[in-house]
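We count ligands from 1, going down the list as the structure has it; atoms in each ligand are counted the same way.
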Amino acid sequence: MNSMRSRSIALLSSFAAVTTVAAVAIGAFVASGAMFISSHDLSALAVILVASATIGIAFALVLGQRVSEARRSLAETTRRIGKGDFSPSNRLPAPAEFALLADELEDMSARLKHAQERERALEASRRELVAWVSHDLRTPLAGIRVMAEALEDEIIEDAETVARYHAGIRAEVDRLSDLVDDLFELSRINAGALRLELEPVSLGDLVSDAVSAASSIANHKGVRLNGELEGRSPELELSAPEISRVLRNLLENAIRHTPHDGVVRVETGVDRAHAFVRVADECGGIPERDIDRVFEAAFRSEAARTPVHGGAGLGLAIARGIVEAHEGEISVRNHNGGCAFTMRLPMRS
Ligand SMILES: Nc1ncnc2c1ncn2[C@@H]1O[C@H](COP(=O)(O)OP(=O)(O)O)[C@@H](O)[C@H]1O
Ligand SMILES: [Mg+2]
């Protein structure tokens with residue numbers, strides 16, 4: 001019996017047909033003795049048995065043929081998937097069990113294709129991140145070197161310029177250290193190593209602190225910063241330093257992209273099971289081709305890739321990582337000649 005297991009389906013089903021006919025034949029011959037069946041009837045029975053065996057074997061061979069075609073097609077599909085070709089195969093009609101298996105293979109292939117596309121997109125954005133970050137590290141370093149060399153060579157002598165160079169070095173060092181800090185935060189988020197120390201916090205207080213802290217940049221730029229709290233301030237379990245970091249980035253972005261004399265509105269409130277903070281500005285709207293990409297690490301619109309701009313395009317990627325670590329979500333849409341970023345955080349009972 002063991003040696004039968006590995007034979008082809010055609011052989012096995014032919015064997016089944018032959019053994020059935022043989023069993024009937026043996027039974028009939030044994031019974032014929034007891035039942036006084038005439039030899040004429042017996043030979044007629046033999047002819048019938050031979051005919052049924054032939055038909056049985058023919059059917060078994062046809063079945064074996066279909067099964068083997070279905071198996072070949074499945075093997076071909078599996079081989080293609082193994083080689084990374086996830087295009088849908090043209091399917092032949094196959095027995096139900098094989099069709100089910102083929103459906104499952106097709107599902108798996110679609111999932112693998114999706115995963116592969118995501119992996120490629122991630123890889124591309126990682127490469128872009130490394131390229132931009134190295135560029136962003138080089139620019140302030142070059143500035144520092146030039147200013148330090150000028151001071152060292154005593155090319156500049158008047159006290160005012162010396163003080164300006166010192167301040168310039170200081171500003172570039174601050175920029176570098178912000179960038180390194182952002183990179184560190186982003187790598188902790190990507191590695192899933194962000195440890196949140198949750199504590200009960202009033203979201204309204206956190207927002208009003210962030211608005212006060214950003215008001216000097218807003219004044220400097222000539223942008224009005226309006227904070228509104230709808231109803232009572234929601235109390236949430238969250239990590240105050242991390243959420244403050246998100247708010248700081250949303251406010252700084254909004255102020256930076258709003259022209260002089262424009263208004264940035266900050267709304268805080270509760271919407272069913274979520275508390276929300278919305279920062280709406282008058283940036284003129286984010287171009288449709290960019291709006292889905294602003295949360296990608298290192299993404300900056302063309303206009304934002306200027307040396308005066310400062311940011312490395314990591315702020316919103318970090319914001320999304322932090323908000324998602326709080327099981328919340330952050331989104332953006334264009335609205336009334338500007339854009340509105342909304343952060344939603346779950347309210348816990
Ligand atoms: N409030 C906003 N208005 C218009 N564009 C924005 C706004 N916030 C972000 N963006 C776009 O998204 C990009 C990424 O933002 P962010 O990740 O904070 O990086 P950075 O501030 O360093 O540029 C910005 O360069 C800009 O193109
Ligand atoms: Mg930013």
V294 versus ligand 1: do any nitrogen or oxygen atoms come within less than 3.5 Å of each other? no
Which of the numbered atoms in ligand 1 are below 4.0 angstrom from a heavy atom of N249? 18 (O)
Indicate, as side chain, backbone, both or neither, the part of A312 found under 4.0 angstrom from ligand 1 when only non-hydrogen atoms are considered. backbone
Run the side-chain contact (heavy atoms from CB on, under 4.5 Å) check on L247 and V266 step by step: do they pass? CA-CA 10 Å; L247 293 171; V266 188; 6.0 Å; no
Using a cut-off of 6.0 Å, state whether more than 12 heavy atoms not belonging to R265 lie near its atom CZ. no
Would L316 count as being in polar contact with ligand 1, using the rule that some N or O on each side must be under 3.5 angstrom apart? yes
Minimum-distance pair of heavy atoms, taken over all atoms of P140 and L176: CG-CD2, 3.6 Å
Using the rule side chain to side chain donor-acceptor pair (under 3.5 Å), only one of R278, E329, E267, R333 pairs with T342; which is it? R278
Side chain or backbone, does I286 bring an N or O within less than 3.5 Å of an N or O on ligand 1? no
Proximity of H257 to ligand 1 by residue part, where a heavy atom lies under 4.0 Å: side chain
Which is closest to atom 13 (C) of ligand 1 by heavy-atom distance: F299, W132, F295? F299
By number and element, which atoms of ligand 1 are closer than 4.0 Å to a non-hydrogen atom of C339? 1 (N), 2 (C), 3 (N), 4 (C)
Going by the atom numbers of ligand 1, which of them fall below 4.0 Å from some non-hydrogen atom of R256? 20 (P), 21 (O), 23 (O)
Applying the 4.5 Å side-chain criterion to the ILVMFWY set and letting contacts propagate, would L196 and V277 be lumped into a single cluster? yes
Does R145 have more than 12 heavy atoms from other residues, nucleotides or ligands lying within 6.0 Å of its CZ? no
Numbered in order shown, the ligand 1 atoms found under 4.0 Å of a heavy atom of A254 are 1 (N)
Can E69 and R66 be counted as an ion pair, charged N to O under 4.0 angstrom? no
May I ask you to list the atoms of ligand 1 that are less than 4.0 angstrom from any heavy atom of C283? 3 (N), 4 (C)
Can you confirm whether more than 12 heavy atoms, excluding those of E123, are under 6.0 Å from its CD atom? yes
Taking only heavy atoms of D281 into account, list the atoms of ligand 1 that are under 4.0 Å away from them. 1 (N), 2 (C), 3 (N)
Answer yes when R72 and E76 have at least one side-chain N-carboxylate O distance shorter than 4.0 Å, and no when they do not. no
May I ask you to list the atoms of ligand 1 that are less than 4.0 angstrom from any heavy atom of G313? 17 (O), 19 (O), 20 (P), 22 (O), 23 (O)
